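Order of the sequence lines sets the chain letters (A, B, ...), proteins ahead of strands, with each chain counted from 1. Being a predicted model, the structure only gives us computed values, none of them experimental. Only heavy atoms go into these numbers, but all of them, side chains included; no hydrogens, no water, no symmetry mates.
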Protein chains: 2
Amino acid sequence: MRLSTKGRYAVTAMLDLALNGKTGPVTLAEISENQGISLSYLEQLFAALRSKDLVRGVRGPGGGYYLGKSADEISIANIICAVDEWVEFTRCGGRQNCSGGARCLTHTLWDDLSTEIFNFLADISLGDLVRRNLNKKEEEDDSLSIVPQSSSQAA
Amino acid sequence: MRLSTKGRYAVTAMLDLALNGKTGPVTLAEISENQGISLSYLEQLFAALRSKDLVRGVRGPGGGYYLGKSADEISIANIICAVDEWVEFTRCGGRQNCSGGARCLTHTLWDDLSTEIFNFLADISLGDLVRRNLNKKEEEDDSLSIVPQSSSQAA
DNA sequence: TAAATACCGACTGAATTACTGGGTTATAAC
DNA sequence: GTTATAACCCAGTAATTCAGTCGGTATTTA
């Protein structure tokens, strides 16, 4: 798994789309403005997202982008994989022709971990993120807290 | 959170160290040979790991590296953070002076997700990985399966 | 017809990756 | 003590990726 700033941009843009796309299509210009990402870079990202059917573009005036499926059907892993490309983790590519036994054991361990990370991100959908935040916001509104939530940083 | 190939190299090297360091110190030359990582690059990685007390170097002939603490006390997040540096996720840096409300909401969502990923990786230790693999190997030996485990890839 | 938008591709500076090569210490073995 | 072995340190660097600019074309609405 690869989790770079590029993936972050893509997730951020998709979140923006999920949040603002309820009423109609969202233009890349709007997302660019909202999130501080250059328009042309967004175009590159959305070309990748579109090829994986995660978004759907509508041309012409009043056009823009819709989510390609419902927010609940789009996982974070989907988004990251779309823009970051799925790289081969181990150099031996699954073939057990590594020099030593230690090498391939390590590679297997890493491969298992990568799969776990992937599954973790595959279990979180765009819809989840949006709902979780709304719930959280209600709780905060109840207590009328002014203190930011940065105190909950752990480990 | 940032999960790049650099972090992968570091985790791989630490795994190698955990596996082979039972009897004595492991040299970078050995890890380089085992894992196919250049010696000087390993030196860079281990300089970072050492500064975080994740490894302990012993100079001179017969020297090499030990784990800085027990494998159970070293999390994957520790390793990745040591070499990849902890980058600021949001551009607004926590300050709520973003242009629009949508921007900061998206940033909050991304920030929460990042924290979750971090906590996930902070919960997995080197020791966990090694033990899990040993368990798995026993299971495989029981069924004498030839089929690789790549069929469990999900979406 | 004109404007707005997605769509497309080539190019580019900056950063990062992964590596090379030149050292200098510390220490164990001889 | 000398020497070999290792960690340690630092400067440079080709290749790649990141994030962006620029200049277009295609489609659709007004």
task = Check the angle between the aromatic planes of Y9(B) and Y41(B) and answer parallel, tilted or perpendicular using the 30° and 60° thresholds.
result = perpendicular
query = Which is true for S40(A) with a 4.0 Å heavy-atom rule: it touches a base, it touches only sugar-phosphate, or it touches nothing?
reply = base
ask   = What's the CG-C1' distance between L49(A) and dC8(C), to the nearest Å?
value = 16 Å
key: Length of the CD-C1' vector between Q44(A) and dA10(C), whole Å   = 11 Å
request  = Output all residues satisfying salt bridge (charged side-chain N to carboxylate O under 4.0 Å, His left out) with D72(B), sequence neighbours left out; order by chain, then residue number.
outcome  = R131(B)
message = I'd like to know if the side chain of N78(B) reaches the main chain of S75(B), judged simply by a donor and an acceptor atom lying under 3.5 Å from each other, with no hydrogens or angles considered.
response = yes
Whichever of L28(A) and S38(B) has its nearest DNA chain C nucleotide further upstream toward 5' = L28(A)
task = Report yes if a side-chain nitrogen or oxygen of Y65(B) is closer than 4.0 Å to either non-bridging phosphate oxygen (OP1 or OP2) of dC8(D); otherwise report no.
result = yes
note = To the nearest angstrom, the CD-C1' distance between E33(A) and dA4(C) comes to 17 Å
task = By nearest nucleotide on DNA chain D, pick out whichever of L39(A) and P61(B) is the more 5' one.
result = P61(B)
key: Whole angstrom value for the distance that separates C1' of dG20(D) from OH of Y41(A)   = 9 Å
key: Integer-rounded Å distance: dA19(D) C1' and E43(A) CD   = 13 Å
Cationic N near anionic O, under 4.0 Å, R132(A) to E116(B) = yes
message = Is there a side-chain contact between R50(A) and the phosphate of dC7(C), meaning an N or O under 4.0 Å from OP1 or OP2?
response = yes
key: Interatomic distance, Y9(A) OH vs dA15(C) P [rounded to whole Å]   = 13 Å
